[in-house]
Amino acid sequence: MVHRWLSGDAYWALGRSREKQDRAIAGSLNFGVYDRDSGAQLAYARVVTDRTTFAWLCDVYVAPAERGKGLGTALAVAVRDHLAPYGLRRIMLATADAHEVYAKVGFEPLGNPGRWMVLGEQR
């Protein structure tokens, strides 16, 4: 399900191979939101982290039929709270369209983006 969601509907992961997705999952902390009655998965997120200083929240996805119900915010809160005991210096993410979701959880735009650099694709 997660691979189908991301590779077929998420602008940042379109066309991602199943092998790449499986490797990403294996190297990450993974979070899901599930319907209490049916057990169906409704949302997903993963975190790449050293569990000491840094984490990157990525691949956050809410099933289309479940959007607008606060699941994205609830998932981001659960991730933030799960990571809190690690005492991380920084949790990063990138989004093109969900700034308001993450702002509710405490994320802010980079204060000094001129310090940050990237190697690789910049979509």
Side-chain angles (χ1 to χ4, degrees):
M1 165 108 40
V2 169
H3 176 256
R4 185 168 34 96
W5 281 346
L6 296 177
S7 68
D9 189 42
Y11 67 85
W12 65 90
L14 290 175
R16 184 183 291 168
S17 73
R18 178 65 186 259
E19 177 196 9
K20 277 191 175 189
Q21 187 62 53
D22 289 349
R23 284 193 342 246
I25 287 170
S28 303
L29 296 175
N30 297 276
F31 298 82
V33 176
Y34 301 88
D35 182 272
R36 285 190 177 163
D37 296 327
S38 70
Q41 188 168 5
L42 307 177
Y44 172 78
R46 71 182 181 91
V47 175
V48 180
T49 183
D50 61 8
R51 294 182 174 97
T52 304
T53 62
F54 180 81
W56 174 41
L57 173 58
C58 54
D59 286 348
V60 178
Y61 186 91
V62 176
E66 304 304 323
R67 293 178 187 164
K69 299 177 182 178
L71 292 181
T73 301
L75 182 54
V77 166
V79 168
R80 180 199 63 197
D81 293 352
H82 181 87
L83 296 174
Y86 297 131
L88 302 172
R89 181 175 181 191
R90 180 173 292 116
I91 302 171
M92 302 288 297
L93 65 82
T95 184
D97 58 1
H99 297 81
E100 69 285 347
V101 171
Y102 300 110
K104 292 176 190 174
V105 181
F107 285 89
E108 301 173 341
L110 286 173
N112 191 348
R115 290 185 176 184
W116 292 87
M117 298 179 73
V118 65
L119 176 65
E121 217 173 292
Q122 294 189 51
R123 287 192 232 181

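By convention here, the first residue in the shown sequence is residue 1.
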(message) Donor-acceptor pair, distance only, cut-off 3.5 Å: does the side chain of Ser28 make one with the backbone of Asn30?
(response)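 No; judged by distance alone, with no hydrogens or angles, the pair does not exist.
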(message) Using modelled atom types and a 3.5 Å cut-off, is there a donor and acceptor pairing between side-chain atoms of His3 and backbone atoms of Arg16?
(response)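 Here the side-chain-to-backbone pair exists.
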Decide yes or no for [X] and [Y]: does some side-chain heavy atom of the first lie under 4.5 Å from some side-chain heavy atom of the second?
| X | Y | result |
| --- | --- | --- |
| Leu57 | Leu83 | no |
| Thr73 | Val105 | yes |
| Tyr86 | Asp50 | no |

Of all the heavy-atom pairs spanning [X] and [Y], show the shortest one and how long it is.
| X | Y | answer |
| --- | --- | --- |
| Val60 | Ala45 | CG2-CB, 3.8 Å |
| Gly32 | Gln41 | CA-NE2, 4.1 Å |
| Ala96 | Tyr11 | N-OH, 2.8 Å |
| Gly39 | Tyr34 | O-CD2, 3.6 Å |

(request) May I have all residue pairs that pass salt bridge (Lys or Arg N to Asp or Glu O under 4.0 Å) and include part of residues 68-80, sequence neighbours excluded? (result)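 Listed by first then second residue: Glu66-Lys69.
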(request) To the nearest 0.5 Å, tell me how far Leu14 CG sits from Ser7 OG. (result)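 Spacing of CG (Leu14) from OG (Ser7) equals 8.0 Å.
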(request) Give, for atom CG of Leu93 and atom CZ of Phe107, the distance between the pair rounded to the nearest 0.5 Å. (result)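 So the CG of Leu93 and the CZ of Phe107 are separated by 4.5 Å.
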(message) Suppose clustering is done on Ile, Leu, Val, Met, Phe, Trp and Tyr with side-chain heavy atoms closer than 4.5 Å. Which residues sit in the same group as Met92?
(response)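 Same cluster as Met92: Val48, Phe54, Trp56, Leu110, Trp116.
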I'd like to know if [Y] and [X] are part of one continuous hydrophobic network [Ile/Leu/Val/Met/Phe/Trp/Tyr, side-chain heavy atoms within less than 4.5 Å].
| X | Y | value |
| --- | --- | --- |
| Met1 | Ile25 | yes |
| Leu29 | Leu88 | yes |
| Leu6 | Val62 | no |

(message) Assess, by modelled atom type and distance only, whether the side chains of Tyr44 and Asp59 contain a donor and an acceptor separated by less than 3.5 Å.
(response)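 Looking only at side-chain atoms, Asp59 and Tyr44 do not form any donor-acceptor pair under 3.5 Å.
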(message) Checking Trp12 against Thr95 for the side-chain contact (heavy atoms from CB on, under 4.5 Å) test, could you report, in this order, the C-alpha distance in whole Å, the side-chain angles of both residues, the deciding distance, and whether it holds?
(response) CA-CA 9 Å; Trp12 65 90; Thr95 184; over 6 Å; no
(request) Identify whether the distance between the nearest side-chain nitrogen and carboxylate oxygen of Glu19 and Arg23 falls below 4.0 Å. (result)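 Salt bridge between Glu19 and Arg23, a charged N being under 4.0 Å from a carboxylate O: yes.
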(message) Is it the case that atom CD in Glu100 sees more than 12 heavy atoms from other parts of the structure closer than 6.0 Å?
(response)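 For Glu100, atom CD is crowded (more than 12 foreign heavy atoms under 6.0 Å).
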(message) Does Tyr61 form a side-chain contact (heavy atoms from CB on, under 4.5 Å) with Asp9? I'd like the steps, not just the answer.
(response) CA-CA 9 Å; Tyr61 186 91; Asp9 189 42; 2.4 Å; yes
